[in-house]
Peer 1: 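Attaching a single structure in structure tokens format; questions to follow.
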Amino acid sequence: MNMTLKTWHKNGWLRHHQTGRNEIGDLLRIIARDLVDSEEGISDDWRFGIAYNAALKLCTILLYAEGYKAERTLQHYRTIQAMPLIFGPERKEDAAYLDACRAKRNVVEYDYVGAASKSDADELILFVKEFKADVLIWLGKYHPDLLEK
């Protein structure tokens, strides 16, 4: 079966969501804050967690712009896995990378200290910066009304 956002909605994994310029702007400001904060003098675990939060917000923007929001059950997972449904199958590896980051973020948040290395955090921060640029280009092309002037 070919998975689409409509299929996910039919399965009960997504619900319709009406977004607007203000909500997308707020999310973009959270991402900007998180990118700045993730490069401050804090632990690599927190740098990683903050960068993960920015990546998740970028995936959220994609879903919101398409008119959907993930249901509570497996919300982070579904939000991330929607990326290749929106951007195309060539982004499956990026979704897999972010899912691995999701699992690592859960470890550093709930299980123990030191699970994220400096290189883990640096790599994710670089990924988020590049992903943010891609999302902004995509918004400009497909949903320019959602971008602040």
Side-chain angles (χ1 to χ4, degrees), residues 1-39 45-111 115-117 119-149:
M1 176 196 281
N2 187 17
M3 286 298 198
T4 65
L5 295 178
K6 286 182 182 181
T7 306
W8 280 26
H9 179 259
K10 190 174 175 181
N11 290 343
W13 301 339
L14 301 175
R15 64 180 179 266
H16 286 289
H17 179 77
Q18 181 73 32
T19 195
R21 183 178 291 146
N22 290 340
E23 185 174 43
I24 297 299
D26 287 340
L27 291 172
L28 287 168
R29 282 185 286 283
I30 290 170
I31 294 159
R33 178 209 60 202
D34 287 352
L35 281 171
V36 168
D37 288 354
S38 69
E39 296 186 276
D45 285 345
W46 276 118
R47 291 178 62 234
F48 186 88
I50 292 168
Y52 168 80
N53 187 56
L56 183 64
K57 294 296 179 278
L58 287 164
C59 292
T60 300
I61 286 171
L62 295 176
L63 261 181
Y64 282 12
E66 290 293 289
Y68 294 99
K69 184 175 188 172
E71 290 292 352
R72 291 301 238 176
T73 305
L74 299 172
Q75 186 174 19
H76 287 205
Y77 174 79
R78 295 206 196 286
T79 300
I80 290 167
Q81 294 306 317
M83 182 206 315
L85 298 179
I86 297 166
F87 266 8
E90 65 276 6
R91 297 306 282 258
K92 280 186 177 186
E93 285 185 28
D94 289 342
Y97 169 69
L98 287 180
D99 192 51
C101 291
R102 179 186 63 81
K104 184 172 285 204
R105 176 257 179 199
N106 288 345
V107 170
V108 302
E109 184 79 16
Y110 304 115
D111 296 336
S117 68
S119 64
D120 291 335
D122 290 343
E123 177 182 58
L124 182 53
I125 290 165
L126 179 61
F127 176 89
V128 171
K129 288 177 179 179
E130 293 170 356
F131 185 33
K132 180 182 176 189
D134 293 343
V135 169
L136 289 172
I137 290 167
W138 178 84
L139 280 171
K141 183 174 182 180
Y142 296 104
H143 300 282
D145 56 308
L146 295 177
L147 290 171
E148 293 178 338
K149 304 288 184 222

Peer 1: Once rounded to the nearest 0.5 Å, what's the spacing between atom NZ of Lys69 and atom CG of Leu14?
Peer 2: 12.0 Å
Peer 1: Give me the atom names and distance for the closest heavy-atom approach of Ile80 to Ala95.
Peer 2: CG2-O, 3.5 Å
Peer 1: Working to the nearest 0.5 angstrom, can you tell me the gap between Arg102 CZ and Gln81 CD?
Peer 2: 8.0 Å
Peer 1: Just so I know, are the side chains of Leu63 and His17 near enough to count as touching, which here means a heavy-atom distance under 4.5 Å?
Peer 2: no
Peer 1: Looking only at heavy atoms, what is the nearest atom pair of Ala51 and Ser38, with distance?
Peer 2: N-CB, 4.2 Å
Peer 1: Donor-acceptor pairs under 3.5 angstrom involving side-chain atoms of residues 121-136: please list them, not counting sequence neighbours.
Peer 2:
residue : atom : partner : partner atom : Å
Asp122  : OD1  : Arg47   : NH1          : 3.4
Asp122  : OD1  : Arg47   : NH2          : 2.5
Asp122  : OD2  : Lys118  : NZ           : 2.8
Lys129  : NZ   : Glu39   : OE1          : 3.4
Lys129  : NZ   : Glu39   : OE2          : 3.3
Asp134  : OD2  : Arg91   : NH1          : 3.3
Asp134  : OD2  : Arg91   : NH2          : 3.2

Peer 1: For Tyr97, does the OH atom have more than 12 heavy-atom neighbours from other residues, nucleotides or ligands under 6.0 Å away?
Peer 2: yes
Peer 1: Pick one: which of Ile61, Leu58, Asn22 meets side-chain contact (heavy atoms from CB on, under 4.5 Å) with Leu27?
Peer 2: Ile61
Peer 1: Of the non-hydrogen atoms in Ile86 and Leu5, which two are nearest, and what is the gap between them?
Peer 2: CG1-CD1, 3.7 Å
Peer 1: Look up atom CE in Met83 and atom OG1 in Thr60, then write down how far apart they are to the nearest 0.5 Å.
Peer 2: 11.0 Å
Peer 1: Determine whether Trp8 and Arg15 make a side-chain contact, defined as any pair of heavy atoms from C-beta on separated by less than 4.5 Å.
Peer 2: no
Peer 1: For residues Tyr68 and Arg78, determine if any side-chain heavy atom of one lies less than 4.5 Å from a side-chain heavy atom of the other.
Peer 2: no
Peer 1: Would you confirm whether Asp45, through its side chain, and Ala115, through its main-chain N or O, come within 3.5 Å as a donor-acceptor pair?
Peer 2: yes
Peer 1: As an exercise, state the distance from CG of Asp94 to NZ of Lys92, rounded to the nearest 0.5 Å.
Peer 2: 13.0 Å
Peer 1: Specify the closest pair of heavy atoms between Leu147 and Arg21, including all atoms of both residues, with the distance to one decimal.
Peer 2: O-NE, 3.0 Å
Peer 1: Taking side-chain contact (heavy atoms from CB on, under 4.5 Å) as the criterion, tell me which of Lys104, Glu109, His76 meets it with Tyr52.
Peer 2: His76
Peer 1: Measuring from atom CG of Asn106 to atom CG of Asp111, what distance do you get when rounded to the nearest 0.5 angstrom?
Peer 2: 8.0 Å
Peer 1: Considering all heavy atoms of both residues, which atom of Phe48 and which atom of Cys101 are nearest to each other, and what is their separation?
Peer 2: CE2-O, 3.5 Å
Peer 1: Could you tell me whether the side chains of Arg72 and Gln75 share a donor-acceptor contact shorter than 3.5 Å?
Peer 2: yes
Peer 1: Under the criterion side-chain contact (heavy atoms from CB on, under 4.5 Å), which of Thr79, Ile31, Ile30, Leu98 is the partner of Leu56?
Peer 2: Thr79
Peer 1: Tell me, yes or no, whether the heavy-atom count around Glu148 atom CD, taken from other residues, nucleotides or ligands under 6.0 Å, exceeds 12.
Peer 2: yes
Peer 1: Kindly assign one of parallel, tilted or perpendicular to the pair His143 and Trp138, based on the angle between their ring planes and the thresholds 30° and 60°.
Peer 2: tilted
Peer 1: State plainly whether the residues Lys57 and Asp34 are in salt-bridge range, i.e. N to O under 4.0 Å.
Peer 2: no
Peer 1: Is the CD atom of Glu93 crowded by more than 12 outside heavy atoms at less than 6.0 Å?
Peer 2: no
Peer 1: If only atom types and distance count, is the side chain of Asp26 paired as donor or acceptor with the main-chain N or O of Glu23 below 3.5 Å?
Peer 2: no
